[in-house]
Amino acid sequence: MNGGYQLTGGWIEVVAGVMFSGKSEELMRRVRRATIARKRVQVFKSHLDDRYAGLMAVSSHDLRTVHATPVDSSAQVMLRLDPMAQVIAIDEAQFLDAGIVQVASALANRGRRVILAGLDADFRGEPFGPMPMLMAIAEVVDKLHAICVMCGGPASRTQRLIDGKPAPYDSPIIMVGAADSYEARCRACHIVPRRDAGQHTLL
Ligand code: ADP
Ligand code: ZN
């Protein structure tokens, strides 16, 4: 894996990137291969992501799925942990609390392979939740790109749209299932309007 070298004992892998960059596909690919290698694998996913398949599966945008245990905190990962699992995969890690950093470290220290996938940046282009820390402590980080829907270049930003218009800087970060939508865009095509100080709306 990863550049042809093999890690021994426990370690942490992070799959980071913009929406539609194939993080869930890559997580599932690693999970399937670990299963083929007869490893005991447990998959978790954040409660906050309920797209397509519901809470009990990780699904990619191409709608392939694997079974997953839903969690909404790092403590729940430990509570619902299969003590026999050798490989622990966690999707949508950006939604979890900072405790996931300790949890991932503890599991790796106990010889587990820990794979975390998540958005490295929010719609503003700023670091998202525990992802920066996870990327710092991981042995291996893969940063994936999507295709910019505006220019066709490599996309590194998630463009949030509300009613088809770029979402302002001060709109709430998490609105899963709301009427807003997201696109993959490159740095040049990514737009985050800033409101003047003192101007307030409910967005
Ligand atoms: P992520 O977990 O990073 O959001 P997924 O693994 O769920 O990504 O989905 C990746 C898939 O999304 C791609 O294989 C492709 O079929 C589809 N897709 C849709 N829009 C785009 C885009 N703008 N760039 C790249 N892939 C896209
Ligand atoms: Zn672009």
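On a predicted model such as this, the values are computed, not experimentally measured, just so you know. The first residue of the sequence shown is numbered 1, and numbering continues consecutively from there. Whatever order the structure lists ligands and atoms in, that order sets their numbers, starting from 1.
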Out of Glu126, Arg124, Arg194, which residue meets the side-chain hydrogen bond (donor to acceptor under 3.5 Å, both in side chains) rule with Tyr169? Glu126

Check each atom of ligand 1 against the heavy atoms of Glu25 and keep those under 4.0 Å away; list them by number with element. 6 (O), 10 (C), 11 (C), 13 (C), 14 (O)

Strictly under 4.0 Å, does any heavy atom of Leu119 approach an atom of ligand 1? no

Any nitrogen or oxygen of Val149, side chain or backbone, less than 3.5 Å from one on ligand 1? no

Heavy atoms only, cut-off 4.0 Å: how does Leu144 contact ligand 1, side chain, backbone, both, or neither? neither

I'd like to check the salt bridge (charged side-chain N to carboxylate O under 4.0 Å, His left out) partners of Lys39; sequence neighbours left out, ordered by chain and number. none

Under the 4.5 Å side-chain heavy-atom rule for ILVMFWY, direct or indirect, which residues accompany Val149? Met150

For Arg187, all residues meeting side chain to side chain donor-acceptor pair (under 3.5 Å), sequence neighbours excluded: none

Set out, in order, the CA-CA distance, both residues' side-chain angles and the distance that settles side-chain contact (heavy atoms from CB on, under 4.5 Å) for Leu119 and Met19, then state yes or no. CA-CA 7 Å; Leu119 291 165; Met19 267 177 102; 3.8 Å; yes

Ligand-residue contact atoms, ligand 1 with Val18, heavy atoms, under 4.0 Å: 3 (O)

Indicate yes or no: does an N/O atom of Ala184 lie under 3.5 Å from an N/O atom of ligand 1? no

Taking distance alone, with N or O pairs closer than 3.5 Å, would you say Ala146 contacts ligand 1? no

Looking at Asp180 and Leu161, what are the two nearest heavy atoms and their distance? CB-O, 3.1 Å

Less than 4.0 Å between a side-chain N and a carboxylate O, is that true for Arg30 and Asp142? yes

I need the protein N, O or S atoms closer than 2.8 Å to the Zn ion (ligand 2), given as residue plus atom name. Cys148 SG, Cys151 SG, Cys186 SG, Cys189 SG

For atom CG of Asp163, is the number of surrounding heavy atoms from other residues, nucleotides or ligands below 6.0 Å larger than 12? no

Taking the six-membered ring of Tyr182 as reference, does the NZ or CZ atom of Arg160 fall below 6.0 Å from its centre and within a 45° cone about the axis? no

State if Gly17 counts as touching ligand 1 under the rule of any non-hydrogen atom under 4.0 Å. no

Give a yes or no on this: more than 12 heavy atoms of other residues, nucleotides or ligands lie within 6.0 Å of atom CZ of Arg33. no

